[in-house]
A.B. asks: 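I'd like to ask you about the structure that follows.
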Amino acid sequence: MAVSLSITIRRASLRDLDTLCVIERECFASEAFTREQIGYLLKAPTGVSLIAEMDREIVGFIIGLIQEYGNMRIGHIFTVDVLTKHRRRGVASRLLDDLERVFRERGVQTSHLEVRADNLAAQELYRKHGYTDVGVLKNYYGRGIHGIQLKKNLTAQGIK
């Protein structure tokens, strides 16, 4: 896809917080992470936060954390956000690929995420990237709004 060549990925920092909050609210409205939550994730020592830019404009971001469970490292993706006007241009795919690469470089064996059961576009993206269903999360996004937990084995993949 020729458009994806113009996407630049960089690390997010606290100076990006205001812009990330605006994008988060556009993408998730009432379910959006708060400013405090996004700030916490940006500052987390095991956090991985990446920004996608096109023509020096922030058009999307992804935030994940690396968590230790015994002798396993698990990556948990908390949010993938792309401005509506920039969707279907490969932005989310680039963010996901780059986050998974960082996860692998840091010894993460599996990546996990949750998605609304009615968000078919996001589910399609994740399944295209090799994520498989783990289970249904009843009322995860509120009463009657279910989620699906997905995971991907990162050790079976080479570092891109």
A.B. asks: Could you check whether any side-chain heavy atom of Tyr131 comes within less than 4.5 Å of a side-chain heavy atom of Leu113, counting everything from C-beta outward?
C.D. replies: yes
A.B. asks: How about Glu100 and His129: does a side-chain donor come under 3.5 Å of a side-chain acceptor?
C.D. replies: no
A.B. asks: Pair Ile62, Phe78 - check side-chain contact (heavy atoms from CB on, under 4.5 Å), show working.
C.D. replies: CA-CA 8 Å; Ile62 189 168; Phe78 284 87; over 6 Å; no
A.B. asks: Quick one: does Thr19's side chain get under 4.5 Å of Ile23's, heavy atoms only?
C.D. replies: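 Result yes, sub-4.5 Å side-chain heavy-atom pair found.
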A.B. asks: Any side-chain heavy atom of Ile77 sitting closer than 4.5 Å to one from Phe103?
C.D. replies: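 Ile77 reaches Phe103 side chain to side chain.
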A.B. asks: Backbone N or O of Thr110 within a donor-acceptor pair of the Asn153 side chain at under 3.5 Å?
C.D. replies: no
A.B. asks: Treating Ile, Leu, Val, Met, Phe, Trp and Tyr as nodes and any side-chain heavy-atom pair under 4.5 angstrom as an edge, say whether Ile58 and Ile7 lie in one connected cluster.
C.D. replies: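 No, because Ile58 and Ile7 fall into different hydrophobic clusters, even though each may have its own neighbours under 4.5 Å.
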A.B. asks: Is there a donor-acceptor contact under 3.5 Å from the side chain of His146 to the main chain of Asn139?
C.D. replies: yes
A.B. asks: Hydrophobic cluster membership, with links at side-chain heavy-atom distances under 4.5 Å among I/L/V/M/F/W/Y: are Val102 and Ile9 in one?
C.D. replies: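 Yes, same cluster.
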A.B. asks: Is any NZ, NE, NH1 or NH2 atom of the basic residue among Glu105 and Arg101 found under 4.0 Å from an Asp or Glu carboxylate oxygen of the other?
C.D. replies: yes
A.B. asks: So, for Ile148 and Ala117, which heavy atoms are closest and what is the spacing to 0.1 Å?
C.D. replies: CD1-CA, 4.0 Å
A.B. asks: Can you confirm whether Phe33 sits close enough to Cys21 that some side-chain heavy atom of one is under 4.5 Å from a side-chain heavy atom of the other?
C.D. replies: no
A.B. asks: Can you tell me how far the CG atom of Leu96 sits from the NZ atom of Lys152, to the nearest 0.5 Å?
C.D. replies: 6.5 Å
A.B. asks: Return the CG to CG distance between Leu95 and Leu99, rounded to the nearest 0.5 Å.
C.D. replies: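 Going from the CG atom of Leu95 to the CG atom of Leu99 covers 8.5 Å.
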A.B. asks: Are Tyr126 and Lys128 close enough, and set up right, to give a side-chain contact (heavy atoms from CB on, under 4.5 Å), and what steps lead you there?
C.D. replies: CA-CA 5 Å; Tyr126 300 136; Lys128 185 176 101 176; over 6 Å; no
A.B. asks: May I ask whether Tyr141 and Val136 are part of the same hydrophobic cluster, defined by side-chain heavy atoms of I, L, V, M, F, W, Y residues being less than 4.5 angstrom apart, directly or through others?
C.D. replies: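 No, Tyr141 does not connect to Val136 through the hydrophobic network.
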A.B. asks: Please find the pair of heavy atoms, one from Gly39 and one from Leu17, that lie closest to each other, and give the distance.
C.D. replies: N-CD1, 3.7 Å
A.B. asks: Within the side chain of Glu26, is there an N or O that forms a donor-acceptor pair under 3.5 Å with the backbone of Thr84?
C.D. replies: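 Yes, Glu26 side chain to Thr84 backbone: donor-acceptor pair under 3.5 Å.
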A.B. asks: Is there a chain of hydrophobic side chains (I, L, V, M, F, W, Y, each step under 4.5 Å between heavy atoms) that links Leu14 to Ile38?
C.D. replies: yes
A.B. asks: Find out whether Asp133 and Gln149 are in side-chain contact, i.e. whether some heavy atom of one side chain is under 4.5 Å from a heavy atom of the other.
C.D. replies: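 Asp133 does not reach Gln149 side chain to side chain.
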A.B. asks: Nearest 0.5 Å please: distance from the CZ atom of Phe61 over to the CG atom of Leu20.
C.D. replies: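 So the gap between those two atoms works out to 5.0 Å.
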A.B. asks: Under the side-chain hydrogen bond (donor to acceptor under 3.5 Å, both in side chains) definition, can you give me all pairs with a residue in residues 39-57, not counting sequence neighbours?
C.D. replies: Arg10-Glu53
A.B. asks: Would you sort out whether Arg11 and Ile51 count as a side-chain contact (heavy atoms from CB on, under 4.5 Å), showing the intermediate values?
C.D. replies: CA-CA 6 Å; Arg11 297 284 168 128; Ile51 284 177; over 6 Å; no
A.B. asks: To the nearest 0.5 Å, what is the distance between CG on Leu125 and CG on Leu150?
C.D. replies: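 Interatomic distance, Leu125 CG to Leu150 CG, rounded to 0.5 Å: 10.5 Å.
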A.B. asks: So do Leu120 and Gln123 actually touch side chain to side chain, heavy atoms under 4.5 Å?
C.D. replies: yes
A.B. asks: So, taking the atom named NZ in Lys151 and the one named OG1 in Thr132, what distance separates them when rounded to the nearest 0.5 Å?
C.D. replies: 7.0 Å
A.B. asks: Which heavy atom in Cys27 sits nearest to a heavy atom in Val82, and how many Å separate them?
C.D. replies: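 Here Cys27 and Val82 meet closest at SG-O, 3.3 Å.
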A.B. asks: Does a salt bridge link Glu24 with Arg35, judged by any charged N lying under 4.0 Å from a carboxylate O?
C.D. replies: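 Not counted as a salt bridge, because no side-chain N and carboxylate O are separated by less than 4.0 Å.
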A.B. asks: Show the nearest heavy-atom pair for residues Leu65 and Gly47, with the distance to one decimal.
C.D. replies: CD2-CA, 3.3 Å
A.B. asks: Which atoms form the tightest heavy-atom contact between Arg104 and Leu154, and what is the distance?
C.D. replies: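 Scanning both residues, the minimum pair turns out to be NE-O, 3.3 Å.
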A.B. asks: Using only atom types and a distance under 3.5 Å, with no angle test, would you say the side chain of Asp16 pairs donor to acceptor with the backbone of Ser13?
C.D. replies: yes
A.B. asks: Let me confirm one number: the CD-CZ distance from Glu68 to Arg73, rounded to the nearest 0.5 Å.
C.D. replies: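 If I round to the nearest 0.5 Å, the distance is 4.5 Å.
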A.B. asks: Would you say Val59 and Lys85 make side-chain contact, with heavy atoms under 4.5 Å?
C.D. replies: no
A.B. asks: Going by heavy atoms in the side chains, are Gln67 and Tyr69 under 4.5 Å from each other?
C.D. replies: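 When only atoms from C-beta onward are counted, Tyr69 and Gln67 do touch, with a gap below 4.5 Å.
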A.B. asks: I need the minimum non-hydrogen distance between Ile74 and Val108, along with the two atoms involved.
C.D. replies: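 Smallest heavy-atom distance, with atoms named: C-CG1, 3.9 Å.
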